[in-house]
Amino acid sequence: MPTIKIADNECFYTFQEEGHDDTIVFSNSLGTDQSMWDKVVEYISPHLNVLRYDTRGHGQSSIHSDKVTIAELGQDVIALLDHLKLGKVYFCGLSMGGLIGQWLGIHYPERFKKIIIANTAARIGTENGWNARIDQVKEHGLQSILDGTAQRWFTPEFRETHKAIVDAVLEKFEQTSLQGYIANCAAVRDADFREELPNLRVPTLIISGTLDEVTTPADGEFMAARIPRTRHVQLQANHLSSVELPAEFAKNVLYATKNEGDFYLKIYN
Ligand SMILES: O=C(O)CCC(=O)CC(=O)O
């Protein structure tokens with residue numbers, strides 16, 4: 001299995017190199033792993049090489065501390081790209097993966113052709129909310145927030161009609177290392193790109209879910225108003241829009257990677 005050591009942690013990744021000119025990197029959300037992209041990748045891999053990895057402390061990637069930052073998680077991506085000798089790629093991250101995408105676009109614009117940030121915000125939640133969640137799982141485990149998580153991630157209709165998919169995602173959630181979950185909660189808690197977004201010069205597609213109450217379409221609008229070259233689309237989905245609507249999600253990603261002229265440079269007065 002492909003793993004590399006990055007900053008003393010094992011980073012588990014999958015690289016589907018299928019002879020295309022370009023590569024896209026997929027970055028998972030908090031409490032999931034790279035399998036959250038399974039369906040989307042079916043639509044993307046005929047067109048782009050696909051690099052997926054489990055974020056530090058998720059899936060099969062290890063973590064050795066109780067705290068991590070979005071900057072460190074972003075550096076992991078750069079280290080992985082360097083390891084694979086990948087120059088300039090597309091990046092797609094959802095929620096926490098979208099925070100990593102914002103950090104990468106601000107700090108390493110030369111490494112990214114376009115960035116897709118889905119179901120994310122410049123700042124997700126509140127410090128008190130994240131501290132309460134950390135306390136809850138420290139005391140009662142991930143199982144204690146399973147039902148609430150399912151409700152925040154999927155619409156009631158999707159939970160009812162796609163039970164096997166929902167169960168598989170929730171099983172991964174329950175298998176997430178507690179230390180990894182807590183450390184990454186702290187990373188999300190401490191991330192705030194509200195002031196820095198005008199420095200994100202990479203063309204950026206923002207995808208929101210109209211039914212997402214964690215990272216709302218208003219959060220998407222906020223980012224779209226500040227990132228200089230951006231487009232904002234909304235899918236009729238909850239927080240894990242890529243799992244609920246993989247075909248629509250992939251269509252928007254592919255459209256973004258193929259159409260340069262659509263990301264107008266905003267002129268500020
Ligand atoms: O999904 C993420 O990556 C961060 C936001 C979050 O934790 C969603 C949730 O479970 O409430």
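As the structure is a computational prediction, the values presented were derived from the model and not from experiment. Atoms within a ligand are numbered from 1 in the order they appear, just like the ligands themselves.
- With hydrogens left out, the protein atom closest to atom 2 (C) of ligand 1 is Ser95 OG, 2.7 Å, a heavy atom.
- For the 3.5 Å distance criterion, the side chains of Arg133 and Tyr181 qualify, holding a donor opposite an acceptor.
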Atom pairs and distances, donor-acceptor, side-chain atoms in residues 115-122, under 3.5 Å, two or more places apart:
| unit_1 | atom_1 | unit_2 | atom_2 | d |
| --- | --- | --- | --- | --- |
| Asn119 | OD1 | Ser241 | OG | 2.6 |
| Asn119 | ND2 | Asp212 | OD2 | 3.0 |
| Asn119 | ND2 | Asn238 | O | 3.3 |
| Asn119 | ND2 | His239 | O | 3.1 |
| Thr120 | OG1 | Ser95 | O | 2.8 |

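- In this structure, Trp130 has a heavy atom closer than 4.0 Å to ligand 1.
- Under 3.5 Å, the side chains of Asn49 and Gln16 contain no donor-acceptor pair of N or O atoms.
- Atom numbering of ligand 1 starts at 1 in the shown order; those under 4.0 Å from a heavy atom of Ser29 are 1 (O), 3 (O).
- Paired with Arg52 under the rule side-chain hydrogen bond (donor to acceptor under 3.5 Å, both in side chains), one option of Asn28, Thr14, Asp38 passes, and it is Asp38.
- For ligand 1, the atoms sitting less than 4.0 Å from at least one non-hydrogen atom of Met96 are 2 (C), 3 (O), numbered in the order shown with element in parentheses.
- When each atom of ligand 1 is checked for a heavy atom of Trp153 under 4.0 Å away, the hits are 8 (C), 9 (C), 10 (O).
- Under a 4.0 Å criterion applied to the non-hydrogen atoms of Leu30, ligand 1 contributes the atoms 1 (O), 2 (C), 3 (O), 4 (C), 7 (O).
- In terms of protein heavy-atom proximity, atom 11 (O) of ligand 1 is nearest to Arg152 NE, 2.4 Å.
- Side-chain contact annotation: Asn128 with Thr126, donor-acceptor N/O pair under 3.5 Å absent.
- Remark: the Glu248 side chain and the Tyr43 side chain contain no N/O donor-acceptor pair separated by less than 3.5 Å.
- Between Tyr181 and ligand 1, not a single N/O pair is under 3.5 Å apart.
- For atom 7 (O) of ligand 1, the nearest non-hydrogen atom of the protein is Arg133 NH1, 3.0 Å.
- Asn184 and Arg56 are not linked by any side-chain donor-acceptor pair at a separation below 3.5 angstrom, with hydrogens and angles left out of the test.
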